Amino acid sequence: MVDFFFLTNQAWRVIILLHMNMDSRYDHLKNEEEMTKLWETLEAFNPDKSDNRGNKPFTIIMPPPNANDPLHVGHAMFISIEDILVRYHRMLGDDTLWLPGADHAGIETQYVYEKKLKKKGRSRFDFDRETLYQNIWNYVQEKSDVAMSQIKKLGASVDWSRFKFTLGEDVVDDVLNTFSKLDSEGLVYRANRLVNYCTNCGTAFSNLEVLHQEQKSTLYYIKYGPLVVATTRPETRFADVALAVHPKDKRYKKYVDKTLQVEGVVKNYSLPVIADDFVDPKFGTGVVKITPYHDHNDFDFWQRHKDEIKTKPTKAINYDGFITEAGENYKGLKASQARKKLVKDLKKADLIEKVDLNYQNNMGLCYRCKKPIEPLPLTQFYVKVKPLTEPVLEALDKGEIVVHGAGHDKILKHWLEILEDWNISRQVVWGIRIPVWYNVEKCPDIQTTYLGKNGKKHSGKISKLLKNDSLETIKQGLQTLSAPLGSEYKISKVSPGNKYIQETDTFDTWFSSSQWPVVTLKNNQPDDFDRFYPTQVMETGYDILMFWVMRMLMMGEFITGKLPFNNVYLHGLIRDDKGEKMSKSKNNVTNPLQTTEKYGADALRMALVIRSSAGLDKSVGKPDFKAARNLTNKIWNAARYILMSLDKKSLKEKTDKKYDQVFEEHLKQIIESITKQINDFKIGLAAETLYNEFWHWFCDECIEKCKKEDLSQSLLLKGLTTFLKLLHPFTPFVTEKLWQILKQENLVEDQTLALSNWP
RNA sequence: GACUGCUUAGCUCAGUUGGUUAGAGCGCUUCGCUUACAUCGAAGAGGUCAUAGGUUCGAAUCCUAUAGCAGUCACCA
């Protein structure tokens, strides 16, 4: 390096600034790309290239974003928090791995894809399931690359060489193994129950996926012979099998155990009256019509009173949402239209006593398309959950799992206690096909739909279909099949013989996601599982606590005998600067990439994280991004000033200025409190402390004191390098760039800040 | 109906196991382009910490009740 000391002060400053290429404003666009490249060439985030190997591990498995989704601000939030933890632990010297991935998000993705098809005037029913699967695969592949490159832009220090996709061959193979293991331990069964079915999305959902919404609806008081029934769903009457009253209800005592003749629009029915104390005498008229296939309570009622009810239950509404053959002359109408027509006809026949238009009730809606959920009977695979939840509850009680996030630990516990068996069958193509095979000779009654060689659709019992086409042809054009309850099946990854046909249902996306920490580590480097499992932290939004975190705990424990992680950090929802939920219709959505472009990734990360609390929502807007951007500029300029004013000769001399001792003590204290705060998962607080100490202590006080010669230059430099390290997990780009400049000036030694030691 | 949170400055939020004068950002007022930074600096106004009790030498912090807001669950024929 050139010796500048013969030059005048001013000339020296100009030259050194030119030499270091330091503008008075921090240019995030230029530096972020440069630093990303630097880390990439060094493979800085691959633990196999690190000196930390053999030290105690620190692992975070990234919640795999929906491969089909562009990055939104929620992703930016989890990337920020996880990256802070990961960078901190890497600097501490831990054997650190942050493993990225992408999720196929079964229903969500197929829904988006079907919308695309609809625009072209087509639907999923135009394709056999394999072609459809392949088409979605190609579609997702493109989108996924975009999403992953966006994660890089935010500075995520993940090891891309260990990336996993939930539909990757290796992952699928392990998920199938888990299913076999569950089966061999007697935890899988098939049952015909009412499921939450969305006739629009064409699939069943688990109870957790049903949205409940308070709605104003109409309560019809309909005459059933001498009785009157209050119902919101008159159109299910074609499938009524009984009437129910409370056993102590004096009004109806004389009808109990009698069979009533009930007048309908087209024909008459005879329905038995049965007493059961599930009936609330105060609601409506105190008389309930029982429709087992369209209401959960009624289904349970039917199970209890099978002997008294002679009629076999039927469906009035089909899986496509239209009225079935049972529906007399309403057959083929959409359920909602059938209701209108039926009510009109009932009125004409004077069978409606009154109508309450202002009835408030809670409707089950599809979380995906917001259309009403139809309870329908379907034969599905279930997982027994009790044996899975018990060890988790025990661990929670013992404090082996710590949930960081405003009372969500109690919610988790509550859920584990009330959880019902898990319906894992989904009627979508985009997912892992259930590895269950039926022998077509032993199960001739399997309902099958397929596209024949000419592209024409055939539907019916498989034994009949086999008379026209070979099993091979049926398999090729297969769309769906539905095996009756009790059908014999074999579990196998490949066809167990030439008489077999595979189940068309796929696993619930969460079934594979629940195994994510295990399958990602089992399918990477040979020793990864032993080296990194169990992981230390699971970080995600509190909105998927039950869907994902709870099930990961259950399944991780089941597969490996060890809980997959011991800390759960839950971040909140990001809201706009007024505290409102972000939505496209309100036009208040923060686009993380545009924000990064404008203010820098460092600023976005800092704005999201500073003063955030685990489990609580965070409100973030333009003023916050601006303030955080100003911080990055402040860091830049503080370093710029120190580099400019530094007299290198004086660095070597021992000085003892007035403020030196106080400075050193306070700096030490800052290091201690930041370290403690991160260890305690108080990340928002750590960020705030750093902001204040750096700006209002280091810049406002210390730099000014140094100007007045009350503080040694060597200590000021030490303060700068210390703050760069402390700030690095939060604002990695600007701090690394400054480190590189300091290195050029021979003021620091470590090759990168990212791999340097925590102070 | 049950559970879980939240209520602190005009706005959005912190407040690190109870401890001097309760903090930040934005906004506001006044002044300043002083050779790191105007994406800045200096000074300032602004809070009965939802309400009422209690525990304590001491409470924004712990306990009880109430109110408002939010989320989740259950019932709903």
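Below, chains carry the letters A, B, ... as their sequence lines are ordered, and counting in each starts from 1. Note that the structure is a prediction, hence the values are computed from the model and not measured.
Look at rA52(B): its Watson-Crick or wobble partner, with both distances under 3.5 angstrom, is rU64(B).
Note on Asp624(A): nothing from the nucleic acid sits closer than 4.0 angstrom, heavy atoms only. Residue Ile610(A) is classed as having no contact, given no heavy-atom separation below 4.0 Å to the nucleic acid. Residue His696(A) is classed as a sugar-phosphate contact, given heavy-atom separations below 4.0 Å to backbone atoms only. Counting non-hydrogen atoms under 4.0 angstrom, Ala638(A) reaches a base of the nucleic acid. Within 4.0 Å (heavy atoms only), Lys282(A) reaches no atom of the nucleic acid at all. When heavy atoms are screened at a 4.0 angstrom cut-off, Thr232(A) is found touching the sugar-phosphate backbone but no base atom. Looking at heavy-atom distances under 4.0 Å, Asp700(A) makes contact with sugar-phosphate atoms alone, never a base. Within 4.0 Å (heavy atoms only), Tyr691(A) reaches sugar-phosphate atoms of the nucleic acid but no base atom.
When the side-chain nitrogen and oxygen atoms of Arg25(A) are compared with OP1 and OP2 of rU39(B), one or more of them lie within a distance under 4.0 Å. Phosphate contact (OP1/OP2 of rA24(B), side-chain N/O of Trp695(A), threshold under 4.0 Å): absent. Between His408(A) and rU4(B) there is no side-chain N or O to OP1 or OP2 distance below 4.0 Å.
Comparing Asp298(A) and Ile411(A) along RNA chain B, the residue whose closest nucleotide (by nearest heavy atom) sits nearer the 5' end is Ile411(A).
Of the candidate nucleotides rC6(B), rG23(B), rA77(B), rC6(B) has the atom lying nearest to any side-chain atom of Leu616(A). Taking the side chain of Glu688(A) as heavy atoms from C-beta on, and the options rC75(B), rC73(B), rA24(B), the nearest nucleotide is rA24(B). In this structure, of rC40(B), rU39(B), rC75(B), it is rC40(B) that holds the atom nearest to the side chain of Lys634(A). Comparing rA77(B), rG5(B), rC26(B) by their closest approach to the side chain of Lys410(A) singles out rG5(B). Of all nucleotides listed (rC40(B), rG15(B), rC76(B)), rG15(B) comes nearest to the side chain of Ser613(A). The nucleotide whose nearest atom lies closest to any side-chain atom of Met644(A) is, among rA24(B), rA36(B), rA77(B), rA36(B).
You'll find a donor-acceptor pair under 3.5 Å spanning the side chain of Glu704(A) and the base of rA36(B), going by distance alone. Side-chain N/O atoms of Lys618(A) and base N/O atoms of rA14(B) include no donor-acceptor pair closer than 3.5 Å.
Here the CD atom belonging to Glu539(A) is positioned 9.0 Å from the OG atom belonging to Ser80(A), to the nearest 0.5 angstrom.
The distance between the ring centers of Tyr599(A) and Phe733(A) does not fall below 6.0 angstrom.
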